[in-house]
Number of protein chains: 2
Amino acid sequence: MRQIIEERTGSFSRSPQLVEAPAANLRVAAHTTVLHEGDPARRIMEVVEGAVMLTKLLPDGRRQVVELLGPGDVFGLAHDEAYACSAETLTPSVISTHERSALERDPVLAARLLRRFEAQLCVMHSHALVLGRMSALERVAFFLLRLMPEGMVGGATLHLSMTRQEIADFLGLTLETVSRAFSELKRRGLVALLRADEVRIQDRGSMRRLAGAA
Amino acid sequence: MRQIIEERTGSFSRSPQLVEAPAANLRVAAHTTVLHEGDPARRIMEVVEGAVMLTKLLPDGRRQVVELLGPGDVFGLAHDEAYACSAETLTPSVISTHERSALERDPVLAARLLRRFEAQLCVMHSHALVLGRMSALERVAFFLLRLMPEGMVGGATLHLSMTRQEIADFLGLTLETVSRAFSELKRRGLVALLRADEVRIQDRGSMRRLAGAA
DNA sequence: CTCTACCATTGAGAAAGATCAACGGCGGAG
DNA sequence: CTCCGCCGTTGATCTTTCTCAATGGTAGAG
């Protein structure tokens, strides 16, 4: 896996204190595992460009995609010195990495991470509501609204860079249930499927109602 | 609700910069709603003593307990200037509150919050795995292990300060399913129920296996 | 151009959990 | 002390989602 295409020292978050804790920018292909759950947690990372998913596994192989990340989001968090999640790119991405020790030395970095952690924690709270209390159809509606930037015009079509299995692992469903939910949304006219991975939201109002005011 | 019993200016995190952003410690009775989802987010809070649960509601009344907090944990997070969750005490608690602006002025506070956010984000990742991929029995086992401090001796009994409904709302189940799971764990000898809210873990190994190495 | 993965869709049957309902116990109010 | 109300338990049934299985589409390799 780890098909890191390019690595260069970062022009990102450079500051006088950072002499021995350099930031590095990685350019990574799609479908690359950037880090592994359980590995020693040496660095903390930010998505600069692209999309990354964080996953956790149960011993028997059940998988949960715990978070979907875009530009600005932070990952590589540690519990007991080990990464709590694996991270895999969904699209070609640029990732900025920092020594963990830089957190104590670089207040600008620390402040940015603090703001971002707060945002990501709020998103996780919403996701808990989705996973704990929403039906399959509601989950898929929520997922599509979350991907579709608010200001996006009605005509624009959304490209999904996830398979049905990945969406299912994110929403706590099976791939068949996700597929059925897509078909149901299409049948109700809330959504148009140009291709399996090309979606247009037709009736945003009904989608929002389904997703519980997302 | 809001039965605040006592308020006093905090001896907590006092620092020279904090002249106009004082910390305040609140002493709060059990079963008190400390803040409401949607209210303007003016302050950020830390649990000093006691236990707090964060909840979110869907428009039709379905509820999810998104996080359980103990001493050191932070809440009062905001999305768009409004609290993302309601917060309710489970036991009599002491809560320290800070102006949000203190975050920019008090680096000690900011550093503490950064560490805590990272820990809470990791816990939320685990919880997503629980909600998305675990069976009812596994969820309840996970819940009990999470409450039972690691070092706790076999003989010690755990007091649950949550009703079956609250546990269900935390685990994404119904209260009946939670009750059945407790009975099943008892029947299998993994747990002893002295009273409905008094539990002893009898077979920690089997519990850990059920909970997927929690 | 064709073949071949892989991915998505759809259907039928099974299982887990939700819902509806009745009963029992414990604790606080009077 | 007794009553009443809330909470928990258990049972029966129903719904949703999972599981298993077959079929169809699409994109990349040869």
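This is a predicted model, so every value here is computed, not measured. Sequence lines set the chain letters: A, B, ... in the order given, protein chains first and strands last, and positions in each chain run from 1.
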#### Entry: Between CG on residue A:Leu158 and CG on residue A:Leu160, distance to nearest 0.5 Å
5.0 Å
Calculate the interatomic distance between [X] atom [atom1] and [N] atom [atom2]; express it in whole Å.
X: B:Leu194; N: C:dC26; atom1: CG; atom2: C1'; result: 15 Å
X: B:Glu166; N: D:dC6; atom1: CD; atom2: C1'; result: 13 Å
X: A:Leu160; N: D:dT26; atom1: CG; atom2: C1'; result: 16 Å
X: B:Leu193; N: C:dG25; atom1: CG; atom2: C1'; result: 14 Å
X: A:Glu184; N: D:dT16; atom1: CD; atom2: C1'; result: 13 Å
X: A:Glu198; N: D:dA27; atom1: CD; atom2: P; result: 10 Å
X: A:Arg195; N: C:dT9; atom1: CZ; atom2: P; result: 12 Å
X: B:Asp60; N: C:dA18; atom1: CG; atom2: C1'; result: 15 Å

### Task
Go ahead and name the base partner of C:dA5; Watson-Crick or wobble counts if both distances stay under 3.5 Å, otherwise write none.
none
### For D:dT26, the Watson-Crick or wobble counterpart (both distances under 3.5 Å)
none
### Query
Any Lys/Arg nitrogen of B:Arg133 or A:Asp169 sitting under 4.0 Å from an Asp/Glu carboxylate oxygen of the other?
yes
### Message
Need one value for B:Arg180: base, sugar-phosphate or nothing, where a base atom within 4.0 Å counts as base even if backbone is also close, heavy atoms only.
### Response
base
### Task
Select from B:Lys186 and B:Arg133 the residue whose nearest nucleotide in DNA chain D is closer to the 5' end of that strand.
B:Lys186
Do [X] and [Y] have side-chain N/O donor and acceptor atoms under 3.5 Å apart?
X: B:Glu198; Y: B:Thr157; result: yes
X: A:Glu46; Y: A:His98; result: yes
X: A:His31; Y: A:Glu88; result: no

#### Entry: Residues touching DNA chain C, which here means a heavy atom under 4.0 Å, drawn from residues 170-179 of chain B
B:Gly172, B:Leu173, B:Thr174, B:Glu176, B:Thr177
### Message
Nearest to the B:Ala136 side chain among C:dC7, C:dT9, C:dG17, which nucleotide is it?
### Response
C:dG17
### Query
Between A:Ser183 and B:Met134, which has a closest nucleotide on DNA chain C that is more 5'?
A:Ser183
### Six-ring centre of B:Tyr83, B:Arg43 cation under 6.0 angstrom, axis tolerance 45°
no
### Task
Using the ring of B:Phe182 (Phe, Tyr or Trp, six-membered ring only), decide whether B:Arg164 places NZ or CZ under 6.0 Å from its centre and within 45 degrees of its axis.
yes
### Query
Syn or anti: how is C:dA5 classified when any glycosidic angle within 90° of 0 counts as syn?
syn
